Structure formats: C-alpha cells, structure tokens
Enquirer: 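First the structure, then my questions, so here it is.
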2 protein chains.
Amino acid sequence: MRIGELAERAGTTTRTLRYYESLGLLPARRTGNGYRSYDEDDLRLLQQIRVLQDFGFELEETRPFVECLRSGHPAGDSCPASLEVYRRKLAELDECIGRLSAIRERVGTQLAQAELARAQLEAAATAPEGAPEPRCELTPPRP
Amino acid sequence: MRIGELAERAGTTTRTLRYYESLGLLPARRTGNGYRSYDEDDLRLLQQIRVLQDFGFELEETRPFVECLRSGHPAGDSCPASLEVYRRKLAELDECIGRLSAIRERVGTQLAQAELARAQLEAAATAPEGAPEPRCELTPPRP
DNA sequence: TCTGGCCTTGACGTCAGGGTCAAGGTCTAC
DNA sequence: GTAGACCTTGACCCTGACGTCAAGGCCAGA
C-alpha cells in the first residue's frame with residue numbers, strides 16, 4: 001500500500017508519515033518508481049504509535065514499543081524497555097497531576113478571595129448613595 | 001530604574017523584559033539616551049505576570065491582570081475580566097486533570113497487564129529446561 | 001493526448017518563551 | 001582617556017509535531 005492509503009487507514013496524514021520516516025521511526029520500503037510502500041505490519045506499528053501519542057507520549061518514547069513490535073513480539077509492550085517507559089510515564093503523570101491539582105487549589109482560592117473583595121467593594125459602593133459601579137478601566141480594543 | 005536592575009529584582013532577564021515590551025505587555029518609558037526606564041509600579045506589574053506564569057497562565061492570559069493593575073486597581077484580580085480568566089483557567093485545569101487521570105488509569109492498566117504477560121512468559125520459558133530467557137531484540141544503539 | 005490525482009523532495013512557517021550573538025552607543029571610575 | 005559595565009536594536013536559534021507551499025515525476029482513465 002502507498003502512503004496515502006496508509007495515512008487514511010490510520011487516520012493521519014502523509015506529512016506525518018514522512019515525518020516519522022525522517023525520524024527513523026517508521027521507515028518505508030520503496031517501489032521501483034520511488035514511491036513508499038507499506039504493509040499491514042506497518043499499519044500495526046503506526047497504530048501503536050498513535051495510541052501512545054493519545055496517551056501523551058512523545059514520539060521518542062514510542063520508539064521502544066515500535067522496536068519491540070518490529071522485533072517480532074506480539075505486543076509493543078512485551079519488552080522491558082517498553083515497561084520502563086510505562087513506569088516513567090506513570091511517574092510523570094502522577095507528578096503532573098499533583099502539580100496541576102496544587103495550582104488548581106491556589107487559583108480557586110485566589111478566585112474566591114477576589115470575588116469576595118469585589119462583592120464587598122460593590123456593597124460599599126452601592127450602599128452610600130447608589131454611586132456608579134466601580135468600573136475596571138480597561139483600555140478599549142484598538143481597531 | 002533601568003532594565004538590568006528591574007530584571008534582577010524580579011528574578012528574570014533583560015531579554016524577557018524586552019520580549020514583554022514587544023508584546024505590549026510591559027511598555028517602558030525611555031530616558032534621554034534611549035534607555036528603558038521603570039519604576040516600582042512596573043515591578044509590581046512584572047511580579048503579577050510572573051505569579052500567573054507560575055500558575056501556568058499564558059502571557060496573553062495575564063494581560064487582563066496587568067491592565068487591571070495599570071488602571072489603578074489595588075490588585076490585578078480586582079477586575080471582572082481577571083475573574084473571568086480565573087474561572088476559565090479553573091475549568092481548563094479541571095479538564096486537564098481529568099484527562100490526565102483517565103490516561104493514568106489506562107497506562108496503569110496497560111502496565112499491569114504487560115507485566116503479567118511477561119511474568120507468564122518467563123515462567124513458561126524457565127520451566128521446561130532452563131531455556132535462555134526470551135530476549136527483546138532491540139537494535140543496538142548506533143555509534 | 002490531456003486531465004486529475006497521487007507521489008516525490010525540500011524548504012519554510014507555526015506556537016511560546018525566551019537564549020545567544022553581533023555591532024555599536026553610553027556612562028562611570030580610575 | 002580608557003577600561004569595563006551597562007544599554008540599544010536586530011537577527012538568528014531552540015523545542016515538537018507537524019502544516020503548507022513549490023516544483024516536478026508517475027500513472028490511470030477518457
């Protein structure tokens with residue numbers, strides 16, 4: 001199969017496949033006229049890459065899985081190197097989730113405080129004599 | 001104060017300050033010789049930017065806070081536009097955390113299954129006659 | 001033969017947030 | 001008067017994962 005068909009079947013683009021080849025991740029055989037030629041195994045490699053990409057793996061991190069499949073293993077994660085990547089990724093994910101959660105807390109707190117402060121300001125401004133609401137003087141968008 | 005001093009006091013670099021100025025985020029006055037000139041208010045603006053950056057805000061997202069401070073408000077988050085950014089960021093964070101958590105689950109499951117499969121493979125390979133461990137034939141790193 | 005669709009390589013653009021030089025102007029201290 | 005520290009602009013470089021041309025080759029159908 002040629003590059004266009006593989007791209008379509010894998011739900012990606014020809015540009016992406018050429019990019020993967022430039023990284024040595026998914027090399028292609030060539031037909032007589034120079035066209036890239038792929039088979040069903042290549043489709044499986046590509047699907048492995050895309051699944052891991054969906055997990056947020058970087059392309060370089062998918063390499064052990066691809067090599068594993070290419071060396072004849074039934075699954076990309078049958079090899080120790082792949083398991084190692086899984087473990088590293090789990091640790092990364094945990095750290096990332098932890099960091100984001102901490103930030104979420106802080107932003108939430110900031111928002112609550114700022115909302116409270118605004119409510120108090122408005123109350124103070126409305127109470128005396130129906131004074132005009134304290135407005136935020138943002139610079140108007142330039143045309 | 002000049003750009004070098006402001007950069008040092010804010011714990012950033014002169015390049016960064018010039019970059020912010022190029023975005024219109026932190027414009028500078030100029031002295032007679034063309035040097036940028038900053039005051040304590042600029043330092044506060046800059047600190048506001050850095051705090052939000054630490055929260056993972058993009059520079060464009062810090063703009064409402066900076067404008068708010070510049071328009072004379074005591075805090076960068078006193079203005080509705082800033083609160084809106086807070087809320088949007090909270091939603092983004094929640095979505096991101098949710099997505100990462102889901103992926104974490106799936107990767108964890110994959111790892112567990114793959115480890116189990118490997119253990120079974122090794123057991124099967126060791127049992128018969130102490131056969132050589134099934135090795136993953138990764139291509140050796142090229143020099 | 002022509003048209004249209006696929007393919008090729010190569011090169012440049014994108015996004016954020018700057019890093020790093022280069023070439024030169026300015027200011028202060030000695 | 002000169003060294004050295006500071007400043008200026010402009011320009012190119014980096015990361016990741018491609019998108020988007022440009023210019024041309026190959027092939028099938030009418």
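Lettering follows sequence order; numbering is per chain, from 1. Keep in mind that what you see is a predicted model, and the values were worked out from it rather than measured. Any value given below was found using the heavy atoms of this structure, including those in side chains, with hydrogens, waters and symmetry copies removed.
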Enquirer: Between B/Tyr19 and C/dG19, does any side-chain N or O lie under 4.0 Å from OP1 or OP2?
Expert: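 For C/dG19, OP1/OP2 do not have a side-chain N/O of B/Tyr19 under 4.0 Å.
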
Enquirer: Just the rounded figure in Å: distance from P of D/dC18 to OH of A/Tyr20.
Expert: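 My rounded result for the distance is 4 Å.
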
Enquirer: Can you identify which nucleotide, out of D/dC27, C/dG18, C/dT8, has its nearest atom closest to the A/Ile3 side chain?
Expert: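 Per side-chain heavy atoms of A/Ile3, the pick is C/dT8.
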
Enquirer: Whether A/Arg118 and A/Glu115 form a salt bridge (side-chain N of Lys/Arg under 4.0 Å from carboxylate O of Asp/Glu) is what I want to check.
Expert: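 A salt bridge is absent here (no side-chain N lies under 4.0 Å from a carboxylate O).
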
Enquirer: Below 4.0 angstrom, N of the basic side chain to O of the carboxylate: do A/Glu84 and A/Arg87 qualify?
Expert: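 Yes.
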
Enquirer: Check this for me, if you would: do A/Glu58 and A/Arg63 make a salt bridge, where the nitrogen-to-carboxylate-oxygen distance has to be below 4.0 angstrom?
Expert: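 No salt bridge links A/Glu58 with A/Arg63.
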
Enquirer: Using OP1 and OP2 only, check whether a side-chain N or O of A/Arg30 sits under 4.0 Å from C/dT9.
Expert: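 For C/dT9, OP1 or OP2 has a side-chain N or O of A/Arg30 closer than 4.0 Å.
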
Enquirer: Counting just side-chain N and O atoms, does B/Arg36 come under 4.0 Å of either OP1 or OP2 of D/dT8?
Expert: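 For D/dT8, OP1/OP2 do have a side-chain N/O of B/Arg36 under 4.0 Å.
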
Enquirer: Does a nitrogen or oxygen in the side chain of A/Thr13 sit under 4.0 Å from OP1 or OP2 of D/dG19?
Expert: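 A/Thr13 to D/dG19 OP1/OP2: side-chain N or O found under 4.0 Å.
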
Enquirer: Nearest nucleotide by nearest heavy atom, which residue falls closer to the 5' end of DNA chain D, A/Glu60 or B/Arg2?
Expert: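 Nearest nucleotide further toward 5': that of B/Arg2.
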
Enquirer: Tell me whether B/Glu21 is salt-bridged to B/Arg15, with the criterion being a basic N under 4.0 Å from an acidic carboxylate O.
Expert: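 Not counted as a salt bridge, because no side-chain N and carboxylate O are separated by less than 4.0 Å.
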
Enquirer: According to a strict under-4.0 Å criterion, is B/Asn33 in side-chain N/O contact with OP1 or OP2 of C/dC27?
Expert: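 So the side-chain polar atoms of B/Asn33 do come within 4.0 Å of the phosphate oxygens OP1 or OP2 of C/dC27, strictly under.
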
Enquirer: How long is the line joining CD of B/Glu8 and C1' of D/dA5, in whole Å?
Expert: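 Roughly 13 Å, once rounded to whole Å.
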
Enquirer: Report the distance from atom CG of A/Asp54 to atom P of D/dA17, rounded to the nearest whole Å.
Expert: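 Checked: the CG to P distance equals 13 Å.
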
Enquirer: Please state how far atom CZ in B/Arg50 lies from atom P in C/dG17, giving the value in whole angstrom units.
Expert: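 Interatomic distance, CZ of B/Arg50 to P of C/dG17: 10 Å.
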
Enquirer: OP1, OP2 of D/dC18 versus side-chain N and O of A/Gln53: anything below 4.0 Å?
Expert: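 Answer yes for this pair, as a side-chain N or O of A/Gln53 is under 4.0 Å from OP1 or OP2.
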
Enquirer: Please report the distance, rounded to the nearest Å, between CG in A/Leu26 and P in D/dA17.
Expert: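 Value for this atom pair: 15 Å.
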
Enquirer: Check the distance between C/dG10's C1' and A/Glu21's CD and give it to me in whole angstrom.
Expert: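 Result: 14 Å.
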
Enquirer: Let me know the distance between CD of A/Glu61 and P of D/dA17, rounded to the nearest Å.
Expert: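 It is 9 Å, rounded to the nearest whole Å.
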
Enquirer: Of all the choices, D/dC18, C/dG25, C/dT8, which nucleotide is nearest to the side chain of B/Tyr35 once you look at every atom?
Expert: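 Of the options given, the side chain of B/Tyr35 lies nearest C/dG25.
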
Enquirer: Can you work out whether A/Arg18 or A/Arg15 has the more 5'-proximal nearest nucleotide on DNA chain C?
Expert: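 It is A/Arg18, whose closest nucleotide lies nearer the 5' terminus.
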
Enquirer: May I ask you to verify if any side-chain N or O of A/Thr16 is less than 4.0 angstrom from the OP1 or OP2 atom of D/dA17?
Expert: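 For D/dA17, neither OP1 nor OP2 has a side-chain N or O of A/Thr16 closer than 4.0 Å.
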
Enquirer: Nearest whole Å is fine: how far is C/dG17 C1' from B/Phe55 CZ?
Expert: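 Going from B/Phe55 (CZ) to C/dG17 (C1'), I get 19 Å.
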
Enquirer: Between the side chains of B/Arg99 and B/Glu92, is the shortest nitrogen-to-carboxylate-oxygen separation below 4.0 Å, so that they form an ion pair?
Expert: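 Result for this pair is no, no salt bridge flagged.
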
